[in-house]
Amino acid sequence: MNHLCHLQFPKKSIYIGIYLLKLNLQYQTRLSSTSSSLDSSITTPISHTFDLSRVSELITNQHWSDLKTLTNQTTPNTFLHVLFQSELDSDLVLRYFKWSEEEFRVSHHLELYCRLFHLLANSKKYGKIRSLLHHFVKKDETHSNSSIFHSLSVTGGGFCANSIIVDMLILAYVYDSKTDLAFEAFLRAGDYGFKLSTTSCNPMLGILVKERKFAVVEIVYKEMIRRRIELDVISFNIVIKGFCQAGKLKKAGDVVEDMKARGFSPSAVTYNILMYGYCKNGGAGKMYKADGILKEMVSNGIHPIESTFNILIDGFCKDENLSAAMKVFKEMQGQGLKPGVVTYNSLINGHCNEGKLYDALCLWDEMVGSGLKLNIVTYNALIKGFSKKKMLKEARELFDGMGERGLDADVVTFNTLIDAYCKAGKIEEAIALRDLMMDKPVFPDVATYNCLIGGFLREGKMEEASKLLDDMENKGLRADVITYNIRLNALCKKGESRQAAGLLDEMFERCIRPSHVTYNTLIDGYCTEGNLRAALNMRARMEREGKQPNVVTFNVLIKGFCQKGKLEEANGLLNEMLEKGLVPNRTTYEIVKEDMMERGFVPDIDGHLYNVSVNT
DNA sequence: TTAGGGTTAG
């Protein structure tokens, strides 16, 4: 089987091989340092006989001190062997097993655990095995998977029972966030021929996606199919979600086809996951594609549900296309679905972000009128909406009134208001809010500090900013890519783009991955200083370091070249941007209005660009 | 523990 495996999945097998080797080394070290002192007692001959009905009675009634007296001539391990050989009820054996571990502060030998698993499995007490396994994996002295599997095999028990036990072992690892051990057990279970189920595989896939271990998700998925582990719609959905989050939307779509080919009908959730994937990572024309998923869903006879519309509405809001969002909102109601808190929150937030506070407030009224209760997310969106309109007094009133409505401000609420004060130049009030949050206590996070650092830097108070930076790192909060972008931006604004580029090197030293914003800020800085050569070099570096230029990159470069009167080059950049399939935005239009018009682009009433020559 | 909403940077 292993040879076959190598032939079919050469790369993966090497990966798995290295993985297992790594884990083996880890456990060999661990085992040698914790080899059990109980080993010797395993082979201790049984020299006492006990009145089993008396033992049963004592355990049932939990008369532990009497039992202790009765068994004081033997060790708990030996006594457990007696119990295993007797026909005592498995619940009572389990009860003694747990009591003795606690009482004698010992950790029973692996073999005894396995015998107990088998005993419980024989009486189909799977819930008890599950909780015992949970306790088993939570202990510090864990055993290696190979020793557990070996012990399970040699202590007897049916093959099916072993499969179920291993299934539950993997589940216990997942619940205890021991993802690597879960994956290793999954692989080893294949070597032992244990048949796993969705009971363990689905939660394991789930945690792998959560930890963004997408390559491993793909391995597990393929292995599940290869080993003929029964998958269900949920298994496929999690794998689809993994591919979506990894930005591999084509592969996500392939899994949908794969599940259909295997006789599974994608559910509304399947389409939701795919649609959400397109909204987040769909690239150019993503909302058009997301809308396409909805159509595909309907044509396959699956009815959209509330969350389907919520995903689409939020997607359009984030894409700054409020009219499309409102159209979907109407369609949703037309289909007899009632918008919920999430629906309204997306719309309120979308309108606030576009500065349409009046419409946001109308939606708020509508929401309350339909009997829905505002929650913290609604408040945060509205506080931001007021702040954006520089209506700080109103924003603060909302904040102060939260308590009366039974809502506690959270870190996002505080950060939103702190940022608003900073942007209004009221840093003292921002700092006062930071102190207030600590009294609550709501702990400041990196975003809190980023807002404050940005506030000081905008005011040109470099010393205060760097003091805060130290304060943050002293508190164990690590600067993130946004902290650096804020600092870079401040240096660029001062005309110190070269020093800013120095921070880029520092980011690499600290393993903080630069984002598009990082490079775009630097390119913009060089362009503003009129240093086009340095700007182009930075663009080249950005590509070398794995980031493709986006619309903003082109916008800042085009602006830079225009300002220097190099219109031909600017025009060339605009063409390159379009050739790359990037969609120009309002800023592009503002920079090179005439060139854009020549290419058929016109803005609509909201300022969104449409290409007339393509649409007609 | 199968899906959706709010904070900081260009």
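Lettering follows sequence order; numbering is per chain, from 1.
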Would you mind classifying the nucleic acid contact of Lys280(A) as base, sugar-phosphate or nothing, using non-hydrogen atoms under 4.0 angstrom? sugar-phosphate

Which part of the nucleic acid, if any, lies within contact of Asn375(A), taking any heavy atom under 4.0 Å across all strands shown: a base, the sugar-phosphate backbone alone, or nothing? base

For the side chain of Ala447(A), starting at C-beta, report the closest nucleotide among dG10(B), dT8(B), dG6(B). dT8(B)

Categorize Asp410(A) for me: base, sugar-phosphate, or nothing, with a 4.0 angstrom heavy-atom threshold over every strand shown. base

Side chains of Glu184(A) and Tyr173(A) only: does a donor on one sit below 3.5 Å from an acceptor on the other? no

Taking the side chain as every heavy atom from C-beta outward, state whether Leu532(A) and Tyr526(A) have any pair of such atoms under 4.5 Å apart. no

Does a side-chain N or O of Asn380(A) approach OP1 or OP2 of dT7(B) to a distance below 4.0 Å, or not? no

Would you classify Lys559(A) as touching base, sugar-phosphate or nothing, given that sugar-phosphate means primed atoms plus P, OP1 and OP2, and contacts are heavy atoms under 4.0 Å? nothing

Apply ring pair (Phe, Tyr, Trp, His ring centres under 6.0 Å) to the pair Phe329(A) and Phe309(A), showing each step before the final yes or no. CA-CA 7 Å; Phe329(A) 180 60; Phe309(A) 288 106; over 10 Å; no

Lys318(A) side chain N/O closer than 4.0 Å to the phosphate oxygens (OP1, OP2) of dG6(B)? yes

If only side-chain N and O atoms of Lys384(A) are considered, is one of them under 4.0 Å from the OP1 or OP2 phosphate oxygen of dT7(B)? yes

What does Asn550(A) touch in the nucleic acid at a heavy-atom separation under 4.0 angstrom: a base, only the sugar-phosphate, or nothing? base

